[in-house]
K.L.:
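Encoded as structure tokens, here's the structure I'll be asking about.
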Protein chains: 2
Amino acid sequence: MNATIKDVAREAKVSIATVSRVLNNSAVVTDETKQRVLDAIKKTGYKPNALARSLKIQKTHTIGLIVPDISSPFYPEVVRGIEDIASMYSYNIFLCNTDQKEEKEMNYIEILSEKQVDGIIYMGDIIRDSVKQQLKDIGIPIVLAGTEDAESEFPNVNIDNKKASYDAVKYLISLGHKKIGMISGPADDPIGGVQRTNGYKEALSEAKIRFKPSLVVEGSFKARQAYLAMLKLLENNVDAVFAASDEMAAAAINAIFDSGFSVPEDIHVIGFDNTYLSYMFRPTITTIQRPAYDIGAVSMRLMTKLLAKEPIDDMHVVLPHQLIVRESTGYGEEKK
Amino acid sequence: MNATIKDVAREAKVSIATVSRVLNNSAVVTDETKQRVLDAIKKTGYKPNALARSLKIQKTHTIGLIVPDISSPFYPEVVRGIEDIASMYSYNIFLCNTDQKEEKEMNYIEILSEKQVDGIIYMGDIIRDSVKQQLKDIGIPIVLAGTEDAESEFPNVNIDNKKASYDAVKYLISLGHKKIGMISGPADDPIGGVQRTNGYKEALSEAKIRFKPSLVVEGSFKARQAYLAMLKLLENNVDAVFAASDEMAAAAINAIFDSGFSVPEDIHVIGFDNTYLSYMFRPTITTIQRPAYDIGAVSMRLMTKLLAKEPIDDMHVVLPHQLIVRESTGYGEEKK
DNA sequence: TTGTAGGCGTTATCAA
DNA sequence: TTGATAACGCCTACAA
């Protein structure tokens, strides 16, 4: 049995109110009684019960994290960023894996709400209306990290995905390529699918290169599908490829080699995310860096402001991305 | 303001006790009153307050996770395993990153204890005495995942690290190698450093190959140091290398290539962990698979048993590891 | 079958 | 400056 505030009070021969006061070193307590209480605390080995405290003050100093899959790339870094800042502000983190499944998401949000979290940070490619509604209903601060909702109703932190893929494709064009293929994310993914494909189209159109649907193959962010997608693109004689993820880029490069061509000599490839695969793989992969850690850190910082009801200058933070040029576009050494 | 049990009681014209009963569908409640209560719950939008409940029943259905760094390889998978099983048993997870720093670890354990977690799963290469003592003091179930304490006082789930590296080195010997180098983990790491090095020594000794200290270079699990370590080993003309992690193995291969040699033609390399780097990297890397997901899942399962005070057949679970043969030892195709 | 009331461990108001 | 005491929202004997 853990000691409670009562035990301390008895030990120090004061009331529990006084103990509570020195605990929160709030009101004015005589140095003498304060010392008595401190001694009693040490003697009893008293540890405050955060549950009781939270129940009373209606705050748990805990926030929930909804994440598709902590074991897939990108998210661990984001979560690390979140946790670092949370720790800095004395918040704890509930981690919830949902595999982006509606049922799991809703179930977790429900539980988080029952556990009285002070806020929720949501991650995931797609945010369904049902989930969105539920998040609004529970009435606590929500921040979207590395994603956004269609109507921008929630505060969020992200990069400009369209601009990022525009930059990638524009770079390929600047290298003299005309037949540029793309391995995109799923079409129903508004970001990895739609936005990145739009950036690709815009770069082409700006360069007055006609868009050919046959040069865009839908992937699933998985290596295997991307490998097959690349084989299709090879049939169309592309001379450069932009893949919506590093893993897909790596798979594409493998497909290119296995087909008897080589990178960067015959075909140039650009990936997305700057995961460590992109610089450990040989050839190293030119890619777009998405600042995962920062997305997490800034999201959590935004959350702390929301929770403290501080004034917020910008509810929608756009973090800078960066094109990192490596061997797969025939330029430069690995810089890491 | 959220509705409470009182609101529901008033709405349904029953006492709060009755509401509580249907909530925990415990005692015998008339179907009719039950229905009235259910309606009232729906009407008021009542959500139970887990804090109040936990305070009363002295259980939070929450467990704490102490992890060095969720953004480094291996741990995300372990955590995924933990979370999957936790979710299955309706437990929530507090994620705590410590960078293996004593101060952070102790601080988090303190907080977890105050937040009344039902148990703690600890991960990390080294477990300090101070931390160990603290874990024992808080008096809740502890499980070590992917690690172990010197005296085996805590229940744990892990692989046999010595045997694993023994297997790796024995395989190299079976391929005819005599000058086998090793890039180990830090010497003060009882597992990645000591145990794996011991396995290396044992395999050599069994094959009557004399152990040469110059063939073991201490690494830090980081790519850069491993690269340099490999350069040293090359000066000693090794014909095979066992690295205590995939990342170090990959860095070693890069060093070998950059020195004008090739893998597997000139030198064979084996890594450790079967991270996805090991099969995406070219040449694909022969490695020891540590079942990260299973370590997590089994740890959490063990925790649920501890919490339910179920009888436990084995407090120390040793999960099987596996040698996965790939190109870096000149054998077979990537099987993934 | 249902209701009353005490208590889980705090905080905070109001007196003293 | 300190002490009673009423919440916070829930569970659970014990009565009715």
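Given the structure is predicted, the values throughout are model-derived calculations rather than measurements.
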K.L.:
Considering every strand and a 4.0 Å limit on heavy-atom distances, what is the contact class for Ile57(A): base, sugar-phosphate, or nothing?
P.N.:
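Sugar-phosphate contact only.
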K.L.:
Inspect the surroundings of NZ in Lys34(A) and state if more than 12 heavy atoms from other residues, nucleotides or ligands are less than 6.0 Å away.
P.N.:
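Count not over threshold, so no.
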K.L.:
Starting at NZ of Lys47(B) and ending at P of dC10(D), how long is that distance when rounded to a whole Å?
P.N.:
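One finds 12 Å between P of dC10(D) and NZ of Lys47(B), rounded.
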K.L.:
Check this one for me: any side-chain N or O of Thr18(A) less than 4.0 Å away from OP1 or OP2 of dG3(D)?
P.N.:
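Affirmative; the distance criterion is met.
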K.L.:
Considering residues, nucleotides and ligands other than Lys42(A), do more than 12 of their heavy atoms fall under 6.0 Å from its NZ?
P.N.:
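Count not over threshold, so no.
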K.L.:
Expressed as a whole number of angstroms, how long is the span from Lys56(A):NZ to dT13(C):P?
P.N.:
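Those two atoms, NZ and P, are 9 Å apart.
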K.L.:
Starting at the 5' end of DNA chain D, which residue's closest nucleotide do you reach first, Leu55(B) or Ala17(B)?
P.N.:
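Closest to the 5' end, via its nearest nucleotide, is Leu55(B).
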K.L.:
Would you please confirm or rule out a distance under 4.0 Å between OP1 or OP2 of dT2(C) and any side-chain N or O of Lys13(B)?
P.N.:
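No.
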K.L.:
With respect to the phosphate group of dC8(D), does any side-chain polar atom (N or O) of Asn49(B) fall under 4.0 Å of OP1 or OP2?
P.N.:
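Indeed not, no polar side-chain atom of Asn49(B) lies that close.
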K.L.:
Whole-Å distance between dC8(C) P and Lys115(B) NZ?
P.N.:
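Rounded to whole Å, this separation is 23 Å.
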K.L.:
Ignoring backbone atoms, test whether Thr33(B) places a side-chain nitrogen or oxygen under 4.0 Å from the OP1 or OP2 oxygen of dT1(C).
P.N.:
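Indeed not, no polar side-chain atom of Thr33(B) lies that close.
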K.L.:
With a 6.0 Å cut-off (strictly less than), is the heavy-atom count around CD of Glu103(B), excluding the residue itself, greater than 12?
P.N.:
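At most 12 heavy atoms, drawn from other residues, nucleotides or ligands, come within 6.0 Å of this atom.
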K.L.:
Looking only at the side chain of Ala52(B) (C-beta and beyond, no hydrogens), which of the listed nucleotides dT11(C), dT2(C), dG9(D) gets closest?
P.N.:
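Nearest listed nucleotide: dG9(D).
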K.L.:
Using whole Å, what does the distance between atom P of nucleotide dG9(D) and atom CD1 of Ile16(B) come to?
P.N.:
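Those two atoms, CD1 and P, are 12 Å apart.
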K.L.:
Taking only the side-chain nitrogens and oxygens of Ser15(A), find out if one of them lies under 4.0 Å from OP1 or OP2 of dG3(D).
P.N.:
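Yes, Ser15(A) has a side-chain N/O under 4.0 Å of OP1/OP2 on dG3(D).
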K.L.:
In whole angstroms, how far is the P atom of dT2(D) from the CD atom of Gln35(A)?
P.N.:
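Nearest whole value for this atom pair: 13 Å.
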K.L.:
Need one value for Ser54(A): base, sugar-phosphate or nothing, where a base atom within 4.0 Å counts as base even if backbone is also close, heavy atoms only.
P.N.:
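No contact.
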K.L.:
May I have the distance from Glu32(B) (atom CD) to dT1(C) (atom P), rounded to whole angstrom?
P.N.:
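Whole-Å distance recorded here is 13 Å.
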K.L.:
Describe the nucleic acid contact of Leu51(A) in one word from base, sugar-phosphate, nothing, applying a heavy-atom distance below 4.0 Å.
P.N.:
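No contact.
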K.L.:
Would the distance check show the side chain of Lys104(B) and the main-chain N or O of Cys96(B) forming a donor-acceptor pair, the cut-off being under 3.5 Å?
P.N.:
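Between the backbone of Cys96(B) and the side chain of Lys104(B) there is no qualifying donor-acceptor contact (under 3.5 Å).
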K.L.:
For Val19(A) and Lys6(A), take the nucleotide of DNA chain C holding the closest heavy atom to each; which residue's nucleotide lies nearer the 5' end?
P.N.:
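Looking at DNA chain C, the more 5' nearest nucleotide goes with Lys6(A).
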K.L.:
Figure out the CD/P separation between Gln58(B) and dT10(C), and round it to whole Å.
P.N.:
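Distance, rounded to whole Å: 11 Å.
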K.L.:
Mind checking if Ser20(B) touches a base, just sugar-phosphate, or nothing, with heavy atoms under 4.0 Å?
P.N.:
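Contact class for Ser20(B): base.
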K.L.:
Quick check on Asp314(A): does its CG atom have over 12 non-hydrogen neighbours (other residues, nucleotides or ligands) under 6.0 Å away?
P.N.:
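Enclosed.
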K.L.:
Take the protein atom CZ of Arg21(A) and the nucleotide atom C1' of dT13(C), then report the distance between them rounded to whole Å.
P.N.:
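In whole Å, dT13(C) C1' and Arg21(A) CZ are 10 Å from each other.
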K.L.:
Is Lys34(A) touching bases, backbone alone, or none of the nucleic acid, heavy atoms closer than 4.0 Å?
P.N.:
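Touches nothing.
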K.L.:
Checking the side chain of Thr44(A) only, and the main-chain atoms of Ile41(A) only, is there a donor and an acceptor separated by less than 3.5 Å?
P.N.:
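Yes, because the side chain of Thr44(A) sits within donor-acceptor range (under 3.5 Å) of the backbone of Ile41(A).
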